[in-house]
Trainee: 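Once you've had a glance at the structure underneath, I'll fire off some questions.
All values below were derived from every heavy atom in this structure, side-chain atoms included, with hydrogens, water molecules and symmetry-related copies excluded.
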Amino acid sequence: MFYNSPKKTRGSPISNSRRSKYIGISKNNTHWQALINIGRTKKYIDIFVSEQEAARTYDVYAIAIKGVDANLNFNYTAAEMISMIDHYLQHGSAVVPS
């Protein structure tokens with residue numbers, strides 16, 4: 001099982017319109033962008049229309065880079081994570097259509 005981690009916010013509650021409630025996600029004009037820290041370097045992942053799609057794609061990158069110790073935005077079963085990784089490799093998006 002892969003478990004999410006509560007987002008650590010700086011200072012006051014999330015009130016800035018650019019901030020997301022998800023780890024590694026922020027708003028860039030009209031789109032949501034995902035970034036991940038690797039060591040002391042911030043790496044850009046991509047931009048997304050949906051905040052949740054950005055967060056799920058961040059989770060795929062976090063698992064790939066940091067393994068089972070990664071801080072995630074959502075809880076996943078092993079089967080769900082495998083499905084998301086497979087979908088990402090085929091389509092470039094971690095969100096599996098329902």
Side-chain angles (χ1 to χ4, degrees):
M1 202 65 180
F2 297 91
Y3 296 100
N4 68 320
S5 304
K7 182 172 180 179
K8 297 174 188 166
T9 58
R10 287 173 268 160
S12 63
I14 299 171
S15 60
N16 185 338
S17 64
R18 291 186 55 153
R19 281 204 166 166
S20 170
K21 62 183 176 181
Y22 299 111
I23 301 167
I25 309 304
S26 61
K27 194 160 190 180
N28 183 1
N29 294 322
T30 59
H31 292 90
W32 293 95
Q33 66 181 5
L35 298 107
I36 190 166
N37 292 322
I38 303 171
R40 292 179 177 230
T41 306
K42 195 174 277 196
K43 296 290 183 182
Y44 174 80
I45 296 172
D46 208 344
I47 61 168
F48 304 88
V49 173
S50 161
E51 183 181 17
Q52 289 77 21
E53 182 180 6
R56 290 188 187 282
T57 302
Y58 170 91
D59 287 353
V60 170
Y61 272 74
I63 289 292
I65 293 167
K66 301 175 182 178
V68 294
D69 294 329
N71 291 325
L72 303 177
N73 291 302
F74 302 99
N75 293 327
Y76 304 99
T77 64
E80 288 171 328
M81 183 55 70
I82 289 169
S83 175
M84 283 177 48
I85 291 168
D86 183 52
H87 190 269
Y88 181 81
L89 292 173
Q90 291 180 23
H91 304 284
S93 169
V95 177
V96 179
S98 302

Trainee: Looking at OH of Tyr58 and CD1 of Ile45, how far apart are the two atoms once the value is rounded to the nearest 0.5 Å?
Mentor: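 So the gap between those two atoms works out to 7.5 Å.
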Trainee: Give, for atom CE of Met84 and atom CZ of Phe74, the distance between the pair rounded to the nearest 0.5 Å.
Mentor: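 Here the rounded value is 8.5 Å.
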Trainee: So Tyr76 and Arg56, do their side chains get closer than 4.5 Å, heavy atoms only?
Mentor: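 They are in side-chain contact.
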Trainee: I'd like to know if the side chain of Asp59 reaches the main chain of Leu72, judged simply by a donor and an acceptor atom lying under 3.5 Å from each other, with no hydrogens or angles considered.
Mentor: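 The answer is no, because no donor-acceptor pair under 3.5 Å joins these two groups.
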Trainee: Short question: side chain of Thr57, backbone of Glu53 - any donor-acceptor pair under 3.5 Å?
Mentor: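 Side chain of Thr57 to backbone of Glu53, a donor-acceptor pair under 3.5 Å: yes, one is there.
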Trainee: As an exercise, state the distance from NE2 of His91 to CG of Asp86, rounded to the nearest 0.5 Å.
Mentor: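 Rounded to the nearest 0.5 Å, the NE2-CG separation comes to 7.5 Å.
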Trainee: I need the minimum non-hydrogen distance between Lys21 and Glu51, along with the two atoms involved.
Mentor: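 Heavy atoms of Lys21 and Glu51 come nearest at N-OE2, 3.6 Å.
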Trainee: Report all side-chain donor-acceptor pairs from residues 31-44 shorter than 3.5 Å, counting only partners two or more places apart or in another chain.
Mentor:
unit_1: Gln33; atom_1: OE1; unit_2: Asn28; atom_2: ND2; d: 3.4
unit_1: Gln33; atom_1: NE2; unit_2: Ser26; atom_2: OG; d: 3.2
unit_1: Tyr44; atom_1: OH; unit_2: Ile47; atom_2: N; d: 3.3

Trainee: Would Ile65 end up clustered with Ile82 when hydrophobic side chains under 4.5 Å apart are linked, directly or stepwise?
Mentor: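 No, no single cluster joins them.
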Trainee: When you group the ILVMFWY residues by side-chain heavy-atom contacts below 4.5 Å and let the links chain together, are Tyr61 and Leu89 in the same group?
Mentor: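 Leu89 and Tyr61: one cluster.
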Trainee: What closest approach, in Å, do Ala62 and Ala70 show between heavy atoms, and which atom pair accounts for it?
Mentor: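 For Ala62 and Ala70, the tightest heavy-atom pair comes out as O-CB, 3.4 Å.
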